[in-house]
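To start, the structure under review is shown below, and the notes come after it.
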Amino acid sequence: MRGIGPGDGLGPNREALPTGRGWKFSKIHAGVGMDQSMEPRRSPAGTGAARAYELVRKELLVEFGADFFRSYIDSLRLVAEVDGELMFRAGSQVAQERLRQQVQHRLEARLRVYAPEVGPVRILLAHEIPQDVLDLADARFEKPVVAAAPERAYGADGFSFDNFCVDPSNHRAFTVAQMIAAGAGVTFPVWLVHSAPGCGKTHLLSAIARDAVAQGRKTLMLTGQEFLEMFQSALHKKRDSSSFKDMVRAPDLLIIDDFHRICGKKATQEEAFDTFHDVTRRGGQVVLAANHGAEGLEGLDDALRAKLKGAAATEITEPDEALRRRILDTRVAHHARANAGFAVAPDALDMIARRMHVTGRELDGAVCQLLIEWKISGGTKVTLEAAANALQSKLADVAERRITVQLVQKVVARHYGMTVQQLLERTRRHAIARPRQVAMYLACKMTHASLPDIGQRFGGFDHTTIMYARDRIAELVAGDPTANAEIDNIARAIRREP
């Protein structure tokens, strides 16, 4: 991280802000010039600029789309006006760089439409803004930072607890998330929520961040990829990493989505370990989301794995038919608010919930496909027949999506001429141990079950046994074309199984 200086893309020969000692402060309003002392002036952003930014945010949402807005613009805060320049604070270095490249010139142009007197825009990080400026920042804009994860945002308000569909598959995770959002989760300083992609982890994390910010808690939400890129950028450019450390260790609540993205990156994992230790040591809390629990995260550093194994953890399983139906209703209602008249026949939604054994994210994709069908048809209600035609490719793929550990066991046992009971026998005899390893390998590859869950379904094996079987067969497949062909044949048989 570096301070602002010449060549930053902020204007010709513009220098960094001084430390602030000896500056004279005077309250100003939009359109008022230098104060009588002719000393540089610093004050909260003027009323005109503040109102202008409120209006411009709505326009930027429309111009750049909900995904981009949520990822980069939503956390941008108007802090103060310094010598006619509007100072904004970005939520992260990644956001700062993207905003400077793509948004800054549009932001300046749109602000001047509503407040012609405003000066240039400067987009800074918190540590680049002098403390005396932060002390005078307008309370309306100085809120704890939330750098939103780059996931789909369902409307301008994004994810919240109110629009999260709850059932037994996610009830525990939902309850814990609410406890943390309310500030009652410090008894477990680190919480890991894990599931297959698309089951609602990002939704819950965003809801936690939203409520925590509303309560005034200092909150930072990043993706694992953002954490990785920012840390490695600091190392690669040989800059002092203290700014990065200050940013990620300062919050009371640190939230990292897609945490599995840092697995396998030794230095980044060491930094994450130190960060978690520092945040929790000060009484803060860390919330993580990943595609697997601590045992199933490949490439995870031993020290970090041990820390996560000692943390509170909650798994979200894939939604059942009843929850899929409720999710569909929620998604249709959401799209109907932005597309007056959009409607889908109840029997069409029943069919989708029954036949598409998929996650909430994929169900939203199905509803988007129906929205396209509705627009093409001229705005007539989407019938069962129209839904089936529009989703033909998705429905045809449903057989593979319904693969379970039990189905894998059944097909593997049949392939080797034995019963499932024989396959599950606890014996080291090669005639049974090898087929059992094949079944474990395919269960890891073709289902969303976690390693501990697979171990339980094979008779209570430890997750390390599942990992050994998976790696052993993967090694065999990589080096033996005959074995590779055999495993492929079994996999195809599993996919064809009704």
Side-chain angles (χ1 to χ4, degrees), residues 169 194-199 260 263-264 290-300 302 305 309 313 315-320 355-359 362 396-498:
S169 70
H194 59 98
S195 74
C199 288
H260 50 271
C263 291
N291 287 351
H292 296 284
E295 301 90 346
L297 290 173
E298 296 187 34
L300 189 63
D302 288 343
R305 189 188 302 277
K309 287 175 71 173
E315 182 177 12
I316 301 176
T317 58
E318 293 190 8
D320 60 14
R355 294 186 58 185
M356 294 188 66
H357 295 243
V358 295
T359 64
E362 292 167 294
D397 195 34
V398 74
E400 181 171 351
R401 298 178 187 276
R402 296 177 61 181
I403 294 172
T404 63
V405 175
Q406 292 92 328
L407 178 60
V408 171
Q409 293 170 341
K410 171 185 171 183
V411 175
V412 171
R414 186 176 64 208
H415 176 83
Y416 288 103
M418 62 178 67
T419 65
V420 173
Q421 289 74 21
Q422 290 173 319
L423 181 72
L424 299 181
E425 283 181 14
R426 279 190 171 248
T427 175
R428 294 187 179 183
R429 285 192 296 127
H430 187 270
I432 292 178
R434 175 51 56 84
R436 185 171 61 237
Q437 287 181 333
V438 169
M440 291 175 174
Y441 167 80
L442 290 172
C444 291
K445 281 194 63 176
M446 303 183 70
T447 76
H448 290 309
S450 64
L451 293 178
D453 187 35
I454 294 173
Q456 286 298 114
R457 294 178 188 278
F458 274 86
F461 282 101
D462 187 81
H463 73 278
T464 57
T465 302
I466 306 301
M467 292 174 66
Y468 174 82
R470 178 196 62 197
D471 297 343
R472 179 71 185 88
I473 299 302
E475 181 180 330
L476 178 66
V477 166
D480 187 342
T482 302
N484 183 42
E486 181 182 16
I487 300 298
D488 281 346
N489 287 335
I490 298 174
R492 280 195 291 269
I494 293 171
R495 295 187 184 99
R496 290 195 301 266
E497 192 74 8

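No experiment lies behind these values; they were computed from the predicted model shown.
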How would you list all residue pairs meeting salt bridge (charged side-chain N to carboxylate O under 4.0 Å, His left out) that involve residues 440-465, not counting sequence neighbours? D453-R457

Test side-chain hydrogen bond (donor to acceptor under 3.5 Å, both in side chains) applied to H292 - qualifying residues, sequence neighbours left out: none

List for me each residue that meets side-chain contact (heavy atoms from CB on, under 4.5 Å) alongside L424, sequence neighbours excluded, and say none if there are none. Q409, V420, F458

Residues forming a salt bridge (charged side-chain N to carboxylate O under 4.0 Å, His left out) with R428, sequence neighbours excluded: none

Residues forming a side-chain contact (heavy atoms from CB on, under 4.5 Å) with E486, sequence neighbours excluded: H415, Y416, I490

Mind checking what makes salt bridge (charged side-chain N to carboxylate O under 4.0 Å, His left out) contact with R305, not counting sequence neighbours? none

Under the side-chain hydrogen bond (donor to acceptor under 3.5 Å, both in side chains) rule, collect the residues that match up with T317, sequence neighbours excluded. none

Check side-chain hydrogen bond (donor to acceptor under 3.5 Å, both in side chains) between T427 and all other residues, then give those that pass, not counting sequence neighbours. none

How would you list, by chain and number, every residue that makes a side-chain contact (heavy atoms from CB on, under 4.5 Å) with A493, sequence neighbours excluded? V411, R496

Tell me every residue that passes side-chain hydrogen bond (donor to acceptor under 3.5 Å, both in side chains) with T359, counting only those two or more places apart in sequence or in another chain. E362

State which residues pass side-chain contact (heavy atoms from CB on, under 4.5 Å) with T419; sequence neighbours excluded, sorted by chain then number. Q421, Q422

Between R436 and F461, is NZ or CZ placed under 6.0 angstrom from the six-membered ring centre and within 45° of the ring axis? no

Does anything in residues 469-481 form a side chain to side chain donor-acceptor pair (under 3.5 Å)? List the pairs, not counting sequence neighbours. E298-R470

Does I473 form a side-chain contact (heavy atoms from CB on, under 4.5 Å) with R434? I'd like the steps, not just the answer. CA-CA 9 Å; I473 299 302; R434 175 51 56 84; 3.8 Å; yes

